[in-house]
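Reading through the structure tokens given below for one structure.
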Amino acid sequence: GVEAGGSEAPALLWIHRRSDSDAAFAAFHFGDREAEVALPLPRGRWKKVLDSADAAWGGPGGATPASVDSEGVVRCALSPLGAVLFTRGA
């Protein structure tokens with residue numbers, strides 16, 4: 001299934017896609033300043049596979065950790081006009 005949500009302040013869109021064996025969670029920040037956000041990341045260990053702020057993408061270096069253990073909500077800093085993608089499972 002797919003769920004989506006977001007907020008106006010900060011300007012944020014998130015999409016969660018899941019199947020029986022794996023899941024992906026993407027967050028997109030549309031603000032012009034870094035924002036500390038609470039992402040509704042379902043329980044479990046999530047691996048970051050993309051952060052648009054990483055140097056590999058020409059960014060200043062992302063502040064999002066390489067993996068997170070979620071209890072249902074994860075707080076993280078998102079760069080201006082940034083995107084981050086986490087995966088879990090197979």
Side-chain angles (χ1 to χ4, degrees):
V2 176
E3 294 177 77
S7 65
E8 288 187 33
L12 176 71
L13 168 68
W14 58 263
I15 301 168
H16 176 218
R17 194 235 12 113
R18 66 187 174 283
S19 69
D20 291 337
S21 61
D22 59 6
F25 189 98
F28 305 91
H29 175 233
F30 300 100
D32 59 1
R33 295 186 189 142
E34 184 175 286
E36 180 78 20
V37 298
L39 299 176
L41 211 56
R43 288 179 175 265
R45 186 170 215 25
W46 292 83
K47 178 183 172 187
K48 178 180 74 174
V49 293
L50 182 138
D51 183 343
S52 65
D54 285 343
W57 303 107
T64 307
S67 65
V68 294
D69 291 311
S70 178
E71 293 296 323
V73 174
V74 169
R75 294 200 63 80
C76 66
L78 294 180
S79 297
L81 302 174
V84 64
L85 173 65
F86 293 98
T87 59
R88 181 182 70 184

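Worth saying up front: this structure is predicted, and the values here are computed from it rather than measured. Heads up: numbering here begins at 1 and tracks the sequence.
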Checklist outcome for this item: Note: P42 and H16 closest approach over all heavy atoms is CG-CE1, 3.4 Å

Checklist entry - OG/S7 to CZ/F30 distance, rounded to the nearest 0.5 angstrom? => result 10.5 Å

Would you mind writing out the side-chain donor-acceptor pairs for residues 50-60 within the sub-3.5 Å range, not counting sequence neighbours?
from, atom 1, to, atom 2, distance (Å)
D51, OD1, A53, N, 3.0
D51, OD2, T64, OG1, 3.3
S52, OG, A83, N, 2.8
S52, OG, A83, O, 3.4
D54, OD1, G62, N, 3.4

Item to check | Partner set under side-chain contact (heavy atoms from CB on, under 4.5 Å) for V74, not counting sequence neighbours | outcome: L41, V68, S70

Checklist entry - Apart from V73 itself, which Ile, Leu, Val, Met, Phe, Trp or Tyr residues share its cluster (side-chain heavy atoms under 4.5 Å, direct or through members)? => result none

Checklist entry - Would a 4.5 Å heavy-atom cut-off, applied to side chains only, mark R18 and R88 as touching? => result no

Checklist entry - What's the spacing between T87 OG1 and K47 NZ if we round to 0.5 Å? => result 6.5 Å

Checklist entry - Would you say S79 and H29 make side-chain contact, with heavy atoms under 4.5 Å? => result no

Next on the checklist: Under the criterion side chain to side chain contact (heavy atoms under 4.5 Å, CB included), I'd like the reasoning laid out for R17 against D22: C-alpha separation, chi angles, the key distance, then a yes or no.
Outcome noted: CA-CA 9 Å; R17 194 235 12 113; D22 59 6; 3.6 Å; yes

Next on the checklist: For E36, give me all partners under salt bridge (charged side-chain N to carboxylate O under 4.0 Å, His left out), at least two apart in sequence or on another chain.
Outcome noted: R75

Item to check | Over all atoms of both residues, closest heavy-atom pair of R45 and S67 | outcome: NH1-OG, 3.6 Å

Checklist entry - Relative to the ring of F25, is the ring of W14 parallel (under 30°), tilted (30 to 60°) or perpendicular (over 60°)? => result parallel

Item to check | Partners passing salt bridge (charged side-chain N to carboxylate O under 4.0 Å, His left out) against E34 (at least two apart in sequence or in another chain) | outcome: none

Next on the checklist: Test of understanding: with side-chain contact (heavy atoms from CB on, under 4.5 Å), list the residues that count as partners of R43, not counting sequence neighbours.
Outcome noted: E71

Item to check | Joint hydrophobic cluster, V2 plus F28, side-chain heavy atoms closer than 4.5 Å | outcome: yes

Next on the checklist: Quick check: do P65 and K48 have side-chain heavy atoms less than 4.5 Å from each other?
Outcome noted: no

